[in-house]
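Worksheet: one structure, shown below.
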Amino acid sequence: MPIQRALLSVSDKAGIVDFARALAARGVQLLSTGGTARMLADAGLTVQEVADYTGSPEILDGRVKTLHPKIHGGLLARRDSAEHLATLDEHDIGRIDLLVVNLYPFRETIARPNCTFADAVENIDIGGPAMLRAAAKNHGTEAGGVTVVIDPTDYNRVLNEIDQHGTPSYALRLELATKVYAHTAAYDGAIANYLTALSQAPAPDDVPQRDEWPHTFTLQMRRQQIMRYGENPHQTAAFYTDAGAASGLLANYRQLQGKELSYNNIADADAAWECVRTFDGPACVIVKHANPCGVALGANALEAYQKAFKTDPTSAFGGIIAFNGPLDAATAQAVSQQFSEVILAPAYDGGALEVFSAKKNVRVLEVPLGNGANPLDVKRVGGGWLVQQPDNRNLAADELKVVTTVVPTEAQLSDLLFAWKVAKYVKSNAIVFVGGHMTLGVGAGQMSRIDSARIASIKAENAGLSLQGSAVASDAFFPFRDGLDVVADAGATCIIQPGGSMRDEEVIAAANERGLAMVFTGVRHFRH
């Protein structure tokens, strides 16, 4: 059945006039409501108000306008049922073959800092979801059904299929109906999250007090990619992304070349990208098995890479390499001398891409820089979820507390802050030696902090790097002086750590005894 009548009622009016004009040119009768109807009429289109069509005026300040048998009957009648179609004729109800609706801006409304409870409630759409669900349910069969559109980016697809087939295909109608149910589920989830976070019953005109964590918590993710397998070949896996992922996050990547990304590739790429984008100057981060094995700043990307690679050339084999600035041919040439799984950068010049093209399996990702952050960190446990704010805490030099007799120099402070940024992305227990804005030894993921310190020292020795005069970061406090003695014996001259241990005085005394400078951050960076 060709589309004879369309109902258009949108809060997002992007492209709606052009779409309506294209429908009218194809002989489609236009129904509409409120502001959408006025916009179409002002554009010179012939449009019938829903109230005129139903014979029932909008009432209750517009709360009731589409909740009417002539609307829902026109949407829900099965096109392959003679009985349904006869019922429409009996009650003078016309078919509505195309529904174009998007909902009141509830999420945008509650995001406003001074949003009152009454404003929030008034922006809970009733008629829109009811129509969307009705139309989606009646997407029909091969014989015909309702086409429902919530996203302006789908307008041209609908028009193309009308032009090719006379009406949208069943496959497109089903796809768009599925999109509707995902959309209304997310919409209802946002309402539930808002209402179940109210700490007390608010007055309508109040800006309500809300708990940080709602009693019922709804998340929605979109599948971006099915993986070949998960962490191991016997596990299946997929990559899901947030709708509208914030600027700068890995989900915004564009793959320029290489094999399909794997589960482990994405996990490690995220660790590398999150670390590298915290630095202001040209930086390079090399990650292996979710831990940075080399991090450095340089005068340019090439120098940063060369310094990062020196930290642990063995672990860098098969690693993920991330840059926070554009990549040129010289840097690409240097990177291509080793085996790497994934390269990430915000941009590449033509020479760099030409170099990488010789290594067709290397996955080259372009990720725009940005300051966006995940709103939440989520971890699955047996029968539940752990949900927390992400660890976005960064420190400035004036937030550090010097606790030793020896005061760090400006150069030492700069290295300490560099080491502290790196330690934040190393699995706990984390010990990071640095010098000249370059990692020298990284100890990660050990059950005891002293073992992490020993491993970091061994790593530096194996790489032929001296730790004399180095700076050290510990992601959590030293519980005993033994860990401090290990890093001092290795050659460290300054330490950054959170403090807060019952034996802080013992550790401070040990630092003074060894002639070390030590600063406390008051912030811990456990990473499990």
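- With D504 contributing its side chain and G499 its backbone, the two residues share no donor-acceptor pair below 3.5 Å.
- We find the OG1-CD distance between T521 and Q497 to be 7.5 Å, quoted to the nearest 0.5 Å.
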Go through the steps to decide whether F323 and V335 satisfy the test side chain to side chain contact (heavy atoms under 4.5 Å, CB included), and finish with yes or no.
CA-CA 11 Å; F323 298 87; V335 170; 3.9 Å; yes
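- Across all their heavy atoms, V487 and A453 have their closest contact at CG1-CB, 4.0 Å.
- Using a 30° and 60° split on the angle between ring planes, F279 and F418 fall in the tilted class, from 30° to 60°.
- When only modelled atom types and interatomic distance are considered, N102 and S11 share a side-chain donor-acceptor pair under 3.5 Å.
- Side-chain contact between E108 and N123 is absent, with no heavy-atom pair separated by less than 4.5 Å.
- With hydrogens and angles left out, the side-chain atoms of T153 and D151 include a donor and acceptor closer than 3.5 Å.
- When only modelled atom types and interatomic distance are considered, K459 and S315 share a side-chain donor-acceptor pair under 3.5 Å.
- Taking every heavy atom of both residues into account, I266 and L250 meet most closely at O-CD2, 3.6 Å.
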Under the side-chain hydrogen bond (donor to acceptor under 3.5 Å, both in side chains) criterion, do T109 and D119 qualify, and how do the steps go?
CA-CA 7 Å; T109 299; D119 286 338; over 6 Å; no
D312/V442 under side chain to side chain contact (heavy atoms under 4.5 Å, CB included): CA gap, chis, key distance, verdict:
CA-CA 9 Å; D312 190 351; V442 178; over 6 Å; no
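- Between atom CZ of residue F317 and atom SG of residue C293 there is a gap of 12.5 Å, rounded to the nearest 0.5 Å.
- A donor-acceptor pair under 3.5 Å is formed between the side chain of W273 and the backbone N or O of G248.
- Side-chain polar atoms of Q412 and T493 form a donor-acceptor pair below 3.5 angstrom.
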Set out, in order, the CA-CA distance, both residues' side-chain angles and the distance that settles side chain to side chain contact (heavy atoms under 4.5 Å, CB included) for L516 and T404, then state yes or no.
CA-CA 7 Å; L516 304 179; T404 50; 5.8 Å; no
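- The neighbour count for N232 CG, taken as heavy atoms of other residues, nucleotides or ligands under 6.0 Å away, is above 12.
- Between R514 and D489 the shortest side-chain heavy-atom distance falls below 4.5 Å.
- Here the side chains of M438 and L440 are in contact, with some heavy-atom distance below 4.5 Å.
- At least one side-chain heavy atom of F117 sits under 4.5 Å from a side-chain heavy atom of L198.
- Remark: I110 CD1 to L195 CG distance equals 8.5 Å, nearest 0.5 Å.
- Counting all heavy atoms, side chain and backbone alike, D211 lies closest to S199 at OD1-CB, 3.3 Å.
- Here the side chains of R527 and K424 are not in contact, with every heavy-atom distance at 4.5 Å or above.
- Between A186 and Q220, the shortest heavy-atom distance links the atoms CB-OE1, 2.9 Å.
- For the pair R524 and D391, the tightest heavy-atom approach, listed with the atom from each and the gap, is O-OD2, 4.4 Å.
- The closest donor-acceptor contact from the side chain of Q337 to the backbone of A334 lies at 3.5 Å or more, if one exists at all.
- P498 and S474 get closest at one heavy-atom pair: CD-O, 3.4 Å.
- Inter-residue side-chain proximity for V507 and F477 is flagged as unmet; no heavy-atom pair is nearer than 4.5 Å.
- Not one N or O on the side chain of E260 forms a donor-acceptor pair closer than 3.5 Å with the backbone of R228.
- Salt-bridge annotation for K179 and D154: present, with a side-chain N of the basic residue lying under 4.0 Å from a carboxylate O of the acidic one.
- Between the Y348 side chain and the L256 main chain, no donor and acceptor come within less than 3.5 Å of each other.
- The backbone N or O of A246 lies less than 3.5 Å from a partner atom in the side chain of N252, making a donor-acceptor pair.
- Inter-residue side-chain proximity for C284 and I321 is flagged as met; some heavy-atom pair is nearer than 4.5 Å.
- Residues S428 and D475 have side chains that bring a donor and an acceptor to within less than 3.5 angstrom of each other.
- The closest side-chain heavy-atom distance from V295 to K421 is not below 4.5 Å.
- With N361 contributing its side chain and K259 its backbone, the two residues share no donor-acceptor pair below 3.5 Å.
- The CD1 atom of I455 sits 11.5 Å away from atom CD1 of I450, with the distance rounded to the nearest 0.5 Å.
- Checked by atom type and distance alone, the side chain of Q257 pairs as donor or acceptor with a backbone atom of K359 at under 3.5 Å.
- The neighbour count for Q255 CD, taken as heavy atoms of other residues, nucleotides or ligands under 6.0 Å away, is above 12.
- The backbone N or O of E410 sits nowhere less than 3.5 Å from a side-chain atom of S414 that would complete a donor-acceptor pair.
- No donor-acceptor pair closer than 3.5 Å links the side chain of D268 to the backbone N or O of V287.
- For the residue pair Q338 and Y305, a side-chain donor N or O sits within less than 3.5 Å of a side-chain acceptor on the partner.
- Residue T331 forms a side chain to side chain contact (heavy atoms under 4.5 Å, CB included) with just one option from D349, I343, L302, and that option is L302.
- Open room surrounds CZ on R254; 12 or fewer heavy atoms of other groups in view lie less than 6.0 Å from it.
- Ring pair F106/Y187 is perpendicular by interplanar angle, where above 60° counts as perpendicular and below 30° as parallel.
- Shown are E506, E513, E505; of these, the salt bridge (Lys or Arg N to Asp or Glu O under 4.0 Å) with R481 is made only by E513.
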Taking it one step at a time, do L400 and V402 satisfy side chain to side chain contact (heavy atoms under 4.5 Å, CB included)?
CA-CA 6 Å; L400 303 178; V402 179; 5.9 Å; no
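- Once rounded to the nearest 0.5 Å, the distance linking CZ of R277 with CG of N324 reads 11.0 Å.
- Remark: S262 OG to Q225 CD distance equals 8.5 Å, nearest 0.5 Å.
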